[in-house]
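Worksheet: the structure to be examined is printed underneath.
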Amino acid sequence: MKLLVTGGSGAVGRRLLPQLRSAGHETVSLTRSTAISEHERSTAYTLDDLRERCDGVDAIVHLAWRRTPSPRLDSWNANVAELDNLLEAALDVGVKRIIGASSISVYSGEDLPWTETGPAAPATAYGASKITAEHALRLAGSKGISTLSLRLGHIYTDDEDNDYAVNTFIRKAEAGDAITVTGDANRRRDMVYVQDVCDAIRQSLERPDVTGILNVGSGTNVTMSHIAKAAVDAFGDRSALDLNETPGAGALSTLMDITEATRRLDYRPRYSIQDGMRDIAQRRKNR
């Protein structure tokens with residue numbers, strides 16, 4: 001297949017694109033940057049430009065979504081407008097399949113695990129913008145294109161440089177620095193390794209009959225202290241751990257039911273938190 005991947009320079013795209021090429025697919029990655037490589041094309045996400053980029057493409061994987069710390073809905077308008085252009089361009093040139101990256105952030109509440117048929121009640125503007133994207137894909141699906149939204153869990157990988165707790169744990173464990181887990185160390189998160197996400201996307205490309213919305217998580221959730229311990233163990237157990245084990249009400253815990261993804265895609269996560277951290281440690285060692 002000829003595949004177009006938006007957001008190919010992001011955490012998922014960097015791992016996904018080489019695997020798609022290894023599987024024999026022709027790939028084009030869209031980027032806003034003008035410094036492009038062999039498999040990339042620059043775009044401003046205008047309708048005319050996207051028509052040109054989508055022409056001759058069999059399927060699109062839409063990963064691009066600019067993040068902002070703003071709590072305002074209008075901060076996400078550009079993302080929604082660009083998706084709207086992408087969908088219109090895809091329909092105009094006859095693209096057959098679009099897979100969109102949604103998020104666990106569409107959910108909130110303590111009634112775990114969250115299911116696709118349960119209420120989507122985002123607690124953030126980011127989550128609300130992802131709900132809008134899901135609806136846009138559904139509307140495109142009603143016009144004859146095969147669309148699927150994947151609600152991705154809390155993704156962790158080997159090369160993100162931000163202040164999220166999991167990435168802080170990885171950096172400190174690699175350096176052998178002490179790690180303090182602050183707040184409620186017992187709150188639980190549905191952490192999904194980037195390789196499992198890539199597997200789900202590849203399976204989705206192979207099953208154009210699967211449409212709608214599917215949860216893609218780990219199938220379990222782990223405490224923040226468990227995540228920190230897995231990182232320390234993976235990098236040789238050199239970091240001292242200071243854990244706040246104060247019990248919490250669990251309001252911040254997350255967990256998605258992945259039964260439907262298993263049934264419809266045969267999606268089965270291969271990486272526990274320990275497996276994922278060991279893979280990260282090995283990949284960083286091999287750089």
So, for [X] and [Y], which heavy atoms are closest and what is the spacing to 0.1 Å?
X: Ser70; Y: Ala125; value: O-CB, 4.4 Å
X: Ala64; Y: Gly7; value: CB-N, 3.6 Å
X: Arg207; Y: Leu265; value: CB-CD2, 4.1 Å
X: Pro18; Y: Gly13; value: CD-O, 4.3 Å
X: Ile179; Y: Ala228; value: CG2-CB, 4.3 Å
X: Pro122; Y: Gly127; value: CB-C, 3.5 Å

Can you pull out every ring-ring contact (aromatic ring centres under 6.0 Å, His included) where at least one residue sits in residues 207-236? Sequence neighbours excluded, please. none

Side-chain contact test, heavy atoms from C-beta onward, threshold under 4.5 Å: evaluate it for [X] versus [Y] and give yes or no.
X: Glu88; Y: Leu47; answer: yes
X: Val216; Y: Ile258; answer: no
X: Arg189; Y: Asn221; answer: no
X: Ile104; Y: Leu152; answer: no
X: Leu73; Y: Ser129; answer: no
X: Met224; Y: Phe169; answer: yes
X: His154; Y: Val192; answer: no
X: Glu116; Y: Leu214; answer: yes

Modelled atom types, side-chain donor and acceptor of [X] and [Y], under 3.5 Å:
X: Asp199; Y: Gln195; answer: yes
X: Thr220; Y: Ser218; answer: no
X: Asp257; Y: Thr259; answer: yes

Give the other cluster members for Leu30, using side-chain heavy-atom distances under 4.5 Å between Ile, Leu, Val, Met, Phe, Trp and Tyr residues; answer none if it is isolated. Leu4, Val28, Tyr45, Leu50, Val57, Ile60, Trp65, Trp76, Val80, Leu83, Leu86, Leu87, Leu91, Val93, Val95, Ile98, Tyr126, Leu137, Ile145

Assess the residue pair Asp48 and Glu52 against the criterion (side-chain contact (heavy atoms from CB on, under 4.5 Å)); give the C-alpha distance rounded to whole Å, side-chain angles, the decisive distance to 0.1 Å, and a yes or no. CA-CA 7 Å; Asp48 287 342; Glu52 180 180 347; over 6 Å; no

So, [X] side chain and [Y] main chain: donor-acceptor pair closer than 3.5 Å or not?
X: Ser29; Y: Glu40; value: no
X: Thr147; Y: Ala140; value: no
X: Asp190; Y: Gly153; value: no
X: Thr132; Y: Ala128; value: yes
X: Asp55; Y: Arg51; value: no

Tyr107: ring pair (Phe, Tyr, Trp, His ring centres under 6.0 Å) partners, not counting sequence neighbours: Trp114

Could I get the full list of ring pair (Phe, Tyr, Trp, His ring centres under 6.0 Å) partners for Tyr156, not counting sequence neighbours? Tyr193

Neighbour count >12 (heavy atoms, 6.0 Å) for atom CG, Asn162: yes

Using the rule given for side-chain contact (heavy atoms from CB on, under 4.5 Å), can you reason through Val166 versus Met277, listing the C-alpha separation, both sets of side-chain angles and the distance that settles it, and then say yes or no? CA-CA 10 Å; Val166 62; Met277 288 297 182; 3.7 Å; yes

Salt bridge (charged side-chain N to carboxylate O under 4.0 Å, His left out) with Arg188: which residues, sequence neighbours excluded? none

Any chance you could measure [X], atom [atom1], to [Y], atom [atom2], to the nearest 0.5 Å?
X: Glu206; Y: Ser204; atom1: CD; atom2: OG; value: 9.0 Å
X: His62; Y: Thr6; atom1: NE2; atom2: OG1; value: 4.5 Å
X: Leu16; Y: Leu63; atom1: CG; atom2: CG; value: 6.5 Å
X: Thr124; Y: Lys130; atom1: OG1; atom2: NZ; value: 11.0 Å
X: Glu174; Y: Ile170; atom1: CD; atom2: CD1; value: 9.0 Å
X: Asp84; Y: Asn77; atom1: CG; atom2: CG; value: 11.5 Å

How would you list, by chain and number, every residue that makes a side-chain hydrogen bond (donor to acceptor under 3.5 Å, both in side chains) with [X], sequence neighbours excluded?
X: Ser102; answer: Glu134
X: Ser272; answer: Gln274, Asp275
X: Ser146; answer: Arg97
X: Asn85; answer: none

Sequence neighbours left out, what pairs pass salt bridge (charged side-chain N to carboxylate O under 4.0 Å, His left out) with at least one residue falling in [range]?
range: residues 157-170; answer: Arg14-Asp159, Arg15-Asp158, Asp158-Arg283, Asp158-Arg287, Asp161-Arg171, Asp163-Arg171
range: residues 216-244; answer: Lys229-Asp233
range: residues 63-72; answer: Arg66-Glu82, Arg72-Asp74

Might you work through the side chain to side chain donor-acceptor pair (under 3.5 Å) test for Thr43 and Arg53, ending with a clear yes or no? CA-CA 8 Å; Thr43 184; Arg53 300 305 184 203; 5.1 Å; no

Are Leu112 and Ile213 grouped together when hydrophobic residues (ILVMFWY) are joined by side-chain heavy atoms under 4.5 angstrom apart? no

Could you check Ile201 against Val12 for side-chain contact (heavy atoms from CB on, under 4.5 Å), going step by step and ending with a plain yes or no? CA-CA 10 Å; Ile201 293 171; Val12 176; 4.0 Å; yes

Could you go through the side-chain contact (heavy atoms from CB on, under 4.5 Å) check for Lys2 and Asp58 one step at a time? CA-CA 5 Å; Lys2 183 174 182 180; Asp58 297 301; 3.8 Å; yes

